[in-house]
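A quick write-up on the structure given underneath.
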Amino acid sequence: MYIGFFGKGSYDLVIYLCTVLRNLQYKVLIADALGDDLFSFLYSSDTDIHEVITFKKIDFIRCRKDFSLSDIVSQHIQYDYVIVLSEYAKSQLNSFSYKYFVTDTRFINVMQMLEALKQMDKIDGIVFKDATESVSSEFIIKHILKDDYLTKLFDEKKVFSIKLDLINSNYYINMQYSGFSNYRNLSKDFVFVIKSIVRMISKKEKSAINKAISRAKEGVIFEHSILE
């Protein structure tokens, strides 16, 4: 299954998501086509494009911004989930089983999101990070953008807010220097988003997801499968 995370600022969300999927015994690959070098701690200067790097039992590859999903598919068919991080990939959109857009609440990024979404026929979820009491996802969609489609997504509970949180930010910054281990103090908002997306894409029961998240938050990540 191929899942696209578009926009910026999705690195930490995707990593947390993958730790949970791994604990649900899925094989997962993160394909980084953002080119922001936020995963630079993983790679040496001579790491090839599409060369698989494994860190904390999660597989990563770097892709060009103009990546071809078919190339990724042909080389990495052994995974249950290939999660692609991309700023926007218009020519690839129909190839994804699920599509999510991640942005913070800065006005310029919100407007860039709106322009990108106009080119998409469907989006499965929108995540607003660093929301505040006065600038929430509801405020942005219903009072600033006033877009019918986004309002419909909001009413269908496919729009998520993660409030500005110092601990979340610390995890995100530390991740860029030394990778990740546990995230036991991640905010309830953030954990709720992870649970919601995992439930949507895996159709697993809540009890299994909760157990997988609980273990991942403590830094416990299983091998690809306990049956292998």
Side-chain angles (χ1 to χ4, degrees), residues 1 3-21 24 28 30 34 81 83-88 93 96-118 120-172 175 183-206 209-210 212-214 216-217:
M1 183 181 294
I3 302 171
F5 278 81
F6 303 105
K8 295 184 177 180
S10 60
Y11 283 98
D12 51 350
L13 171 58
V14 167
I15 283 181
Y16 301 147
L17 179 68
C18 287
T19 63
V20 177
L21 290 173
L24 290 168
V28 183
I30 296 176
L34 277 172
Y81 293 94
I83 299 180
V84 180
L85 287 71
S86 175
E87 190 166 337
Y88 182 55
L93 290 178
F96 291 99
S97 301
Y98 293 92
K99 301 186 286 286
Y100 299 91
F101 207 101
V102 181
T103 183
D104 58 25
T105 53
R106 287 184 292 174
F107 183 78
I108 186 171
N109 291 337
V110 169
M111 298 312 293
Q112 288 175 349
M113 175 200 73
L114 181 62
E115 290 304 310
L117 291 178
K118 288 179 180 177
M120 295 185 177
D121 61 339
K122 173 180 174 290
I123 193 81
D124 295 287
I126 299 173
V127 180
F128 286 95
K129 297 176 69 177
D130 298 341
T132 66
E133 291 296 331
S134 57
V135 183
S136 63
S137 58
E138 182 175 12
F139 172 78
I140 290 171
I141 287 175
K142 294 190 175 182
H143 299 282
I144 301 300
L145 301 180
K146 299 178 182 178
D147 181 89
D148 290 341
Y149 177 61
L150 295 183
T151 299
K152 180 174 180 289
L153 287 177
F154 183 88
D155 292 340
E156 293 174 347
K157 302 187 184 305
K158 294 182 178 180
V159 177
F160 305 95
S161 274
I162 299 174
K163 291 179 182 177
L164 185 64
D165 183 274
L166 182 58
I167 294 176
N168 292 350
S169 298
N170 282 340
Y171 283 138
Y172 186 68
M175 188 181 290
Y183 50 97
R184 61 174 60 97
N185 295 314
L186 200 67
S187 71
K188 291 182 179 179
D189 292 341
F190 215 137
V191 173
F192 177 77
V193 173
I194 297 168
K195 286 183 180 180
S196 300
I197 294 176
V198 171
R199 185 78 187 275
M200 188 182 301
I201 66 177
S202 73
K203 306 298 189 291
K204 289 285 188 178
E205 294 296 326
K206 286 184 179 180
I209 295 172
N210 288 338
I213 289 178
S214 178
K217 286 176 66 179

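Atom CD1 of Ile197 is separated from atom CD1 of Ile83 by 9.0 Å, given to the nearest 0.5 angstrom. Taken from CG in Asn109 to CZ in Phe101, the straight-line distance is 8.5 Å, to the nearest 0.5 Å. From Met111, atom CE reaches atom OG1 of Thr103 across 11.0 Å, with rounding to the nearest 0.5 Å. Interatomic distance, CG of Leu117 versus CG of Asp147, reported as 8.0 Å (0.5 Å rounding). Between atom OG of residue Ser134 and atom CZ of residue Phe139 there is a gap of 7.0 Å, rounded to the nearest 0.5 Å.
Residues Asp165 and Lys163 are not paired through a salt bridge, judged by the lack of any N-O separation under 4.0 Å between the basic side chain and the carboxylate. Between Lys129 and Asp189 no salt bridge is recorded (no basic side-chain N to carboxylate O distance below 4.0 Å).
Checked by atom type and distance alone, the side chain of Tyr98 pairs as donor or acceptor with a backbone atom of Met200 at under 3.5 Å. A side-chain donor-acceptor contact under 3.5 Å links Thr105 to the backbone of Asp130. Although no hydrogens or angles enter the test, the distance criterion places no donor-acceptor pair under 3.5 Å between the side chain of Lys204 and the main chain of Leu24. Within the 3.5 Å criterion, the main-chain N or O of Cys18 finds no donor-acceptor partner in the side chain of Tyr81. A donor-acceptor pair under 3.5 Å is absent between the side-chain atoms of Ser161 and the main chain of Ser136, judged by distance alone.
A heavy-atom distance below 4.5 Å is not found between the side chains of Val110 and Ile144. Counting heavy atoms from C-beta outward, Phe190 and Ile167 have side chains that stay 4.5 Å or more apart. Under the 4.5 Å side-chain criterion, counting only non-hydrogen atoms from C-beta, Tyr171 is in contact with Asn185. Counting heavy atoms from C-beta on, the side chains of Ile126 and Phe154 never come closer than 4.5 Å.
Here the two rings, on Phe6 and Phe96, have centers that are under 6.0 Å apart.
Nearest heavy atom pair, residue Ile209 against residue Ser202, reads CD1-OG, 4.4 Å.
A side-chain N or O of Ser187 and one of Asn168 form a donor-acceptor pair less than 3.5 Å apart. Between the side chains of Ser10 and Tyr100, no donor-acceptor pair of N or O atoms lies under 3.5 Å.
Under a cut-off of 6.0 angstrom, the local environment of CZ in Phe192 is sparse, with at most 12 non-hydrogen atoms contributed by other residues, nucleotides or ligands. For Lys152, the NZ atom is loosely surrounded, since the number of other residues' heavy atoms within 6.0 Å does not exceed 12.
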